[in-house]
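Numbering starts at 1 and runs along the sequence shown.
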Amino acid sequence: MAFDVEIKDDKNATCIYAKLSVNVTVQYETNTSSTKNVTFSVPSEVTTNGSSCGSNGKAPILVINFGNGHSWSLNFTRNDSMYSGGALIFTYNTNDSTLFPDALKEGLISSTAAFLGPIPLNSTYKCISSEVVVSENVTQIISDVKLEAFMQNGTLGKEVSCDADKPSPTPTTNPSTTASTTTPTPTSKPLDNPTTGNYSVSDVNGTCLLASMGLQINTSLLSEGKNIWTAFNIDPTAMSKNGTCSNQTGTLILTDNSTVIEFTLALKNKNHFYLKEVNVALINGSASSTRQNQNLSAWEASVGSSYMCHKEQQIKVSEDLVINSFDVRVQLFGVKNETFATAQQCSLDDDSIVIPIVVGAALAGLIVIIVIAYLIGRRKGYSGYQTL
């Protein structure tokens with residue numbers, strides 16, 4: 001679903017042309033002090049009230065209005081040879097009871113990000129592939145873009161493709177070896193454990209969420225009528241880190257060109273925190289699919305402490321997507337000097353239970369051996385007597 005609009009000047013010449021698809025996920029606080037995510041698309045039927053070609057020192061601006069008071073706007077700047085997007089402002093109306101039926105704060109809320117890098121003047125920016133744009137409480141997946149500002153004579157210029165649409169160079173492979181893949185089939189060699197990434201989320205009071213973990217995505221794909229599970233590791237050096245905190249929750253958002261992962265931790269009974277919700281969006285070109293689980297109960301620890309688990313854990317997001325986590329350490333609130341507080345270990349790491357079980361099993365085995373040896377000895381003793 002894409003909108004297609006033209007903005008014209010007072011001479012009826014087109015100065016801005018825009019055709020693109022925008023899929024939005026908004027995180028909002030409910031009237032029960034919890035958080036929810038709602039996902040929706042900007043429809044094809046929109047209005048452009050507030051748009052302008054720019055004049056008297058004012059920059060051109062594209063404003064897309066839709067639904068019950070929602071809007072998407074982008075202003076533009078230029079120099080002698082290039083033009084760029086300025087502030088991308090997404091405004092949503094929490095009075096819209098269809099999308100936000102239980103919102104705590106009602107009214108218009110705006111979230112600002114950056115979009116559209118330098119493009120040569122008299123050129124049309126084209127990008128079929130998806131781009132993830134993250135701002136406060138809002139994640140946008142923008143695709144199928146055809147856009148030009150500062151148009152000359154009302155006509156579109158030469159198309160300039162984004163890097164994601166350009167063909168990848170063909171890798172050189174050694175015929176004697178097998179090329180590796182990021183999505184192995186069940187017959188492929190198992191993936192190594194993912195690299196551990198360090199993440200943090202801050203608000204006006206400082207760091208509110210601290211996390212360290214390795215992540216692996218496992219998803220089921222339908223191939224020739226069969227579900228085949230494939231896996232890939234998350235590279236923390238390639239991820240953009242973002243997030244928000246409220247009085248009751250903290251959300252960590254990790255994004256790259258093909259994956260968006262949102263972890264939401266929440267307070268439980270005011271003195272514990274836990275992993276409440278995970279959302280994952282997988283992006284393939286201009287297509288994207290989202291999975292979520294809003295009823296988790298994992299990674300629990302006391303407020304003022306951190307949760308730690310070295311062993312591999314599985315987080316079921318949906319029937320066809322599971323996150324494997326490694327070397328997890330997280331803390332919601334109470335973070336001092338960017339350092340984790342004393343850790344509360346998961347039961348998988350607790351060897352204090354395993355050792356008594358092993359010792360007990362060994363002693364039980366020894367007792368059984370002694371009893372069997374005693375019975376065998378008695379039987380041999382009886383066989384030595386003759387009946388008179």
Side-chain angles (χ1 to χ4, degrees), residues 1-24 26 40-93 95-96 107-135 138 140-166 285-286:
M1 183 182 298
F3 59 82
D4 188 339
V5 298
E6 294 182 42
I7 307 304
K8 299 179 180 292
D9 61 18
D10 54 4
K11 298 179 181 179
N12 204 35
T14 301
C15 62
I16 302 174
Y17 174 78
K19 180 182 179 182
L20 61 152
S21 296
V22 183
N23 191 59
V24 186
V26 175
F40 54 94
S41 298
V42 178
S44 57
E45 297 296 326
V46 299
T47 64
T48 58
N49 297 336
S51 300
S52 168
C53 293
S55 61
N56 299 323
K58 292 184 179 180
I61 184 170
L62 170 65
V63 181
I64 303 298
N65 306 289
F66 64 97
N68 186 3
H70 314 295
S71 66
W72 185 98
S73 69
L74 178 66
N75 60 22
F76 301 91
T77 60
R78 61 166 288 177
N79 56 26
D80 292 339
S81 60
M82 311 289 282
Y83 71 93
S84 302
L88 169 57
I89 302 176
F90 185 80
T91 301
Y92 53 99
N93 182 13
N95 280 318
D96 185 343
L108 298 178
I109 301 175
S110 295
S111 186
T112 304
F115 177 68
L116 190 64
I119 306 297
L121 285 171
N122 305 320
S123 299
T124 303
Y125 174 74
K126 183 178 180 181
C127 193
I128 298 173
S129 300
S130 297
E131 180 178 348
V132 180
V133 178
V134 179
S135 56
V138 176
Q140 301 180 58
I141 300 177
I142 302 175
S143 61
D144 294 321
V145 177
K146 190 174 182 180
L147 177 65
E148 184 174 347
F150 301 102
M151 292 172 59
Q152 298 295 315
N153 302 319
T155 58
L156 293 171
K158 180 181 178 182
E159 290 185 352
V160 175
S161 296
C162 61
D163 291 340
D165 283 359
K166 295 176 182 177
S286 62

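- Listed by chain and residue number, nothing satisfies the side chain to side chain contact (heavy atoms under 4.5 Å, CB included) test with Asp80 (two or more places apart in sequence, or in another chain).
- Not counting sequence neighbours, the partners of Ser135 by the side chain to side chain contact (heavy atoms under 4.5 Å, CB included) test are Ser111, Ala113, Val138.
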Between side-chain atoms of residues 147-157 and protein atoms elsewhere (two or more places apart, or another chain), which donor-acceptor pairs fall under 3.5 Å?
from: Glu148; atom 1: OE1; to: Thr124; atom 2: OG1; distance (Å): 2.6
from: Glu148; atom 1: OE1; to: Gly157; atom 2: N; distance (Å): 2.8
from: Thr155; atom 1: OG1; to: Gln152; atom 2: O; distance (Å): 3.2

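- The CG atom of Leu108 sits 7.5 Å away from the OG atom of Ser71 when rounded to the nearest 0.5 Å.
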Assess whether side-chain contact (heavy atoms from CB on, under 4.5 Å) is satisfied between Phe115 and Gln140, documenting all intermediate values.
CA-CA 11 Å; Phe115 177 68; Gln140 301 180 58; over 6 Å; no

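- To the nearest 0.5 angstrom, Phe3 atom CZ is 5.0 Å from Trp72 atom CH2.
- Contact detail for Ser143 and Ile128: the closest heavy-atom pair is CB-O, 3.7 Å.
- A distance of 8.0 Å separates CE in Met82 from CG in Leu121, rounded to the nearest 0.5 Å.
- Taking all atoms of both residues into account, the shortest heavy-atom contact from Ile89 to Ser110 is CG2-CB, 3.9 Å.
- Closest heavy-atom contact between Pro118 and Ser84: CA-OG, 3.3 Å.
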Which donor-acceptor pairs under 3.5 Å do the side chains of residues 13-21 make with protein atoms, sequence neighbours left out?
from: Thr14; atom 1: OG1; to: Glu6; atom 2: OE1; distance (Å): 2.6
from: Thr14; atom 1: OG1; to: Lys8; atom 2: NZ; distance (Å): 3.1
from: Tyr17; atom 1: OH; to: Asp4; atom 2: OD1; distance (Å): 3.1
from: Tyr17; atom 1: OH; to: Asp4; atom 2: OD2; distance (Å): 3.3
from: Ser21; atom 1: OG; to: Met1; atom 2: O; distance (Å): 2.7

Show every donor-acceptor pair shorter than 3.5 Å between a side-chain atom in residues 41-52 and any protein atom, with sequence neighbours excluded, or say none if there are none.
from: Ser41; atom 1: OG; to: Asn23; atom 2: OD1; distance (Å): 2.9
from: Thr47; atom 1: OG1; to: Asn65; atom 2: ND2; distance (Å): 3.4
from: Ser51; atom 1: OG; to: Thr48; atom 2: O; distance (Å): 2.9
from: Ser51; atom 1: OG; to: Val63; atom 2: N; distance (Å): 2.8
from: Ser51; atom 1: OG; to: Val63; atom 2: O; distance (Å): 3.1
from: Ser52; atom 1: OG; to: Gly54; atom 2: N; distance (Å): 3.0

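- Side-chain N or O atoms of Tyr83 include one that pairs as donor or acceptor with a backbone N or O of Ser123 at under 3.5 Å.
- Summarising the geometry, atom OH belonging to Tyr92 is positioned 9.0 Å from atom CZ belonging to Phe40; distances are rounded to the nearest 0.5 Å.
- When all heavy atoms of Cys53 and Asp9 are compared, the closest pair comes out as SG-N, 3.5 Å.
- For the atom pair Leu88 CG and Leu74 CG, the distance stands at 6.0 Å (nearest 0.5 Å).
- Closest approach of Phe76 to Ala59, counting heavy atoms only: O-CB, 3.3 Å.
- The salt bridge (charged side-chain N to carboxylate O under 4.0 Å, His left out) contacts involving residues 108-128 comprise Lys126-Glu159, where partners must be two or more places apart or lie in separate chains.
- In this structure the side chain of Val22 never reaches within 4.5 angstrom of the side chain of Ile64, judged on heavy atoms.
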Applying side-chain contact (heavy atoms from CB on, under 4.5 Å) to Val26 and Phe90, what does each step give before you reach the verdict?
CA-CA 10 Å; Val26 175; Phe90 185 80; 4.2 Å; yes

